[in-house]
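For the numbers below, each heavy atom of this structure counts, side chains included, while hydrogens, waters and symmetry mates do not.
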Amino acid sequence: MGQTKAIWWVFLGILAMILPVKAQLAVGFYSKSCPRAESIVRSTVQSYYKADPTIAAGLLRLHFHDCFVQGCDGSVLIMDERAEINAGPNMGLRGFEVVDDAKAQLENLCPGVVSCADILALATRDAVDLSDGPSWSVPTGRRDGRVSMSFQAEDLPSPFEPIDVHIQKFAEKGLTEEDLVTLVGAHTIGRTDCQLFSYRLQNFTSTGNPDPTINPSFLTQLRTLCPLDGDPFRGVAMDKDSQLRFDNSFFKNLVNGNGVLESDQRLWQHASTKDIVQRYAGNLRGLLGLRFNYEFKKAMVKLSSLDVKTGTQGEIRKLCSQFNNQ
Ligand code: HEM
Ligand SMILES: *[C@@H]1O[C@H](CO)[C@@H](O)[C@H](O)[C@H]1NC(C)=O
């Protein structure tokens, strides 16, 4: 090779290194700019979890609702009349104070460096870990969005929709049927309001009878928890056996007709999702290696990378509940 040619190649090589095509998320993104970022998020989640372990479920759902609307950009955290928080499907979201608290500490330590979207992604990982679930490395470097509009959140998956619609909504985000079942396994922790499933308990679809897929002894329990004249906002565990533990018992419950939300139970009645539920319920280590915890962390990395803003897009908010300079 001639000398000019060699120099040319070296030049191209250096150019390729300094001109990344598109900024991407990276594990340890803050290791130089704010080395304590991850440990501060961790200790914050830990202290809230100690006081109230149900906060873990709140954070996990909050992150999902952030990522499904405009990507994981903290848009769900904005407190404003027209913001996503006011959309119907976002009713009952919780965990905001954990993110705000971690943010305040990080602004003291490294102002303007750590995004709210990243804080929520990290807090979610820690929340699942603290609940005895899997842990994983969270690629970071998300930037916070400058838009949050409630109408954009109206299309989040609803528990009244058929599985085909959920498959479609996940496919639009590049998520497979397996990702859908895996991620809905998040309902192994957390609660739901009586009002979101009590229609299953009597005269279901005007048949005069309850939803026939509910296990009879579970039906009795649910009717006691959510009587006709009861509190529509009463919270009921979505995994009757271990509301606070991140495990596969949610799937065992679906197999036994002990699902609470109608759409959760339908994962067991639907031809293309049934097998996946079955495998998670058994937690087999078969050829596919389909183990819930293992698949869950992979699916979470996918979910928390949806349509992220990086590089010079968006901003790093000073307060997670407000856009900068408004
Ligand atoms: C088809 C998709 C999904 C539907 C229809 C759905 C629906 C729901 C509903 C109706 C509730 C109860 C809300 C309330 O009563 O206030 C809920 C709670 C929850 N969801 Fe989902 N969800 C879906 C997927 C997911 C995913 C992908 C995740 C996370 C990866 C998730 C995490 C949670 C958690 C942790 C809770 C409990 C929240 C708490 O205790 O505050 N969900 N979901
Ligand atoms: C069930 O609902 C239908 C339609 O709303 C109604 O006509 C019927 O009387 C109800 N049956 C019972 C047993 O309540």
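- Aromatic rings from F250 and F292 are positioned such that their centres are separated by 6.0 Å or more.
- Within 6.0 Å of CZ on R36 lie no more than 12 heavy atoms contributed by other residues, nucleotides or ligands.
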Check against salt bridge (charged side-chain N to carboxylate O under 4.0 Å, His left out), E38 and R125: CA-CA 11 Å; E38 297 207 15; R125 181 265 314 270; 3.1 Å; yes

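- Of the possible donor and acceptor atoms, none in the side chain of S131 sits under 3.5 Å from a partner among the backbone N and O of G133.
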Stepwise salt bridge (charged side-chain N to carboxylate O under 4.0 Å, His left out) test for K169 and D155: CA-CA 9 Å; K169 288 186 174 180; D155 202 34; 3.4 Å; yes

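- M149 and I85 fall into different hydrophobic clusters, where Ile, Leu, Val, Met, Phe, Trp and Tyr are joined by side-chain heavy atoms under 4.5 Å apart, directly or via other members.
- Looking at D264, its side chain never comes within 3.5 Å of a backbone N or O of G259 through a donor-acceptor pair.
- Not one N or O on the side chain of R82 forms a donor-acceptor pair closer than 3.5 Å with the backbone of F151.
- At least one side-chain heavy atom of R266 sits under 4.5 Å from a side-chain heavy atom of T213.
- No side-chain heavy atom of E107 sits less than 4.5 Å from a side-chain heavy atom of L319.
- For the pair I40/L109, a side-chain contact is recorded, criterion being any heavy-atom separation below 4.5 Å from C-beta on.
- Judged by distance alone, the side chains of N203 and N209 never bring a donor and an acceptor atom under 3.5 Å apart.
- A donor-acceptor pair under 3.5 Å is absent between the side-chain atoms of H63 and the main chain of A117, judged by distance alone.
- Side-chain contact annotation: E295 with T182, donor-acceptor N/O pair under 3.5 Å absent.
- With F68 as the fixed residue, the side-chain contact (heavy atoms from CB on, under 4.5 Å) test singles out one of L306, V76, D307: L306.
- Heavy-atom neighbours of E172 CD from other residues, nucleotides or ligands within 6.0 Å: above the threshold of 12.
- Side chains of R291 and Y280 form no contact here, defined as non-hydrogen atoms less than 4.5 Å apart.
- For the residue pair N86 and S150, no side-chain donor N or O sits within less than 3.5 Å of a side-chain acceptor on the partner.
- Among R142, R143, R146, the single residue meeting the salt bridge (charged side-chain N to carboxylate O under 4.0 Å, His left out) criterion with E315 is R146.
- With contacts defined as side-chain heavy-atom distances shorter than 4.5 Å, the pair V138/V27 does not qualify.
- With D193 contributing its side chain and Q195 its backbone, the two residues share no donor-acceptor pair below 3.5 Å.
- Salt bridge annotation for D129-R42: present, with a cationic side-chain nitrogen under 4.0 angstrom from a carboxylate oxygen.
- The backbone N or O of E84 sits less than 3.5 Å from a side-chain atom of N90, completing a donor-acceptor pair.
- What you find for C320 and V99 is that their closest heavy atoms are SG-CG1, 3.9 Å.
- Side chain to side chain, D118 and T140 fail the donor-acceptor criterion of an N or O pair below 3.5 Å.
- With hydrogens and angles left out, the side-chain atoms of Y48 and D101 include a donor and acceptor closer than 3.5 Å.
- Because its NZ or CZ atom is not both nearer than 6.0 Å to the ring centre of F197 and within 45° of the ring axis, R200 does not count as a cation-pi partner of that residue.
- For the residue pair F251 and V181, the shortest heavy atom distance occurs at CZ-O, 3.5 Å.
- Using modelled atom types, one finds a donor on one side chain and an acceptor on the other under 3.5 Å when comparing T44 with Q105.
- Using a 4.5 Å heavy-atom cutoff, the side chains of D239 and V260 are not in contact.
- F96 has its side chain within reach of L62: a pair of non-hydrogen atoms, C-beta onward, lies under 4.5 Å apart.
- Cluster membership for M238 and L244, using ILVMFWY side-chain heavy atoms within less than 4.5 angstrom, is not shared.
- Side chain of K103 to main chain of R317: a donor-acceptor pair is present (N/O by atom type, distance under 3.5 Å, no hydrogens or angles).
- Contact annotation: the side chain of F246 approaches that of N293 to within less than 4.5 Å [non-hydrogen atoms, C-beta and beyond].
- Cluster membership for F64 and L180, using ILVMFWY side-chain heavy atoms within less than 4.5 angstrom, is shared.
- Side-chain contact, E177 with S272: a donor N or O sits under 3.5 Å from an acceptor N or O.
- Within the 3.5 Å criterion, the main-chain N or O of A127 finds no donor-acceptor partner in the side chain of Y49.
- Of all the heavy atoms in F296 and P134, the pair that sits closest is CD2-CG, 4.2 Å.
- One N or O on the side chain of N324 and one on the backbone of K318 form a donor-acceptor pair closer than 3.5 Å.
- The backbone N or O of C72 sits nowhere less than 3.5 Å from a side-chain atom of K309 that would complete a donor-acceptor pair.
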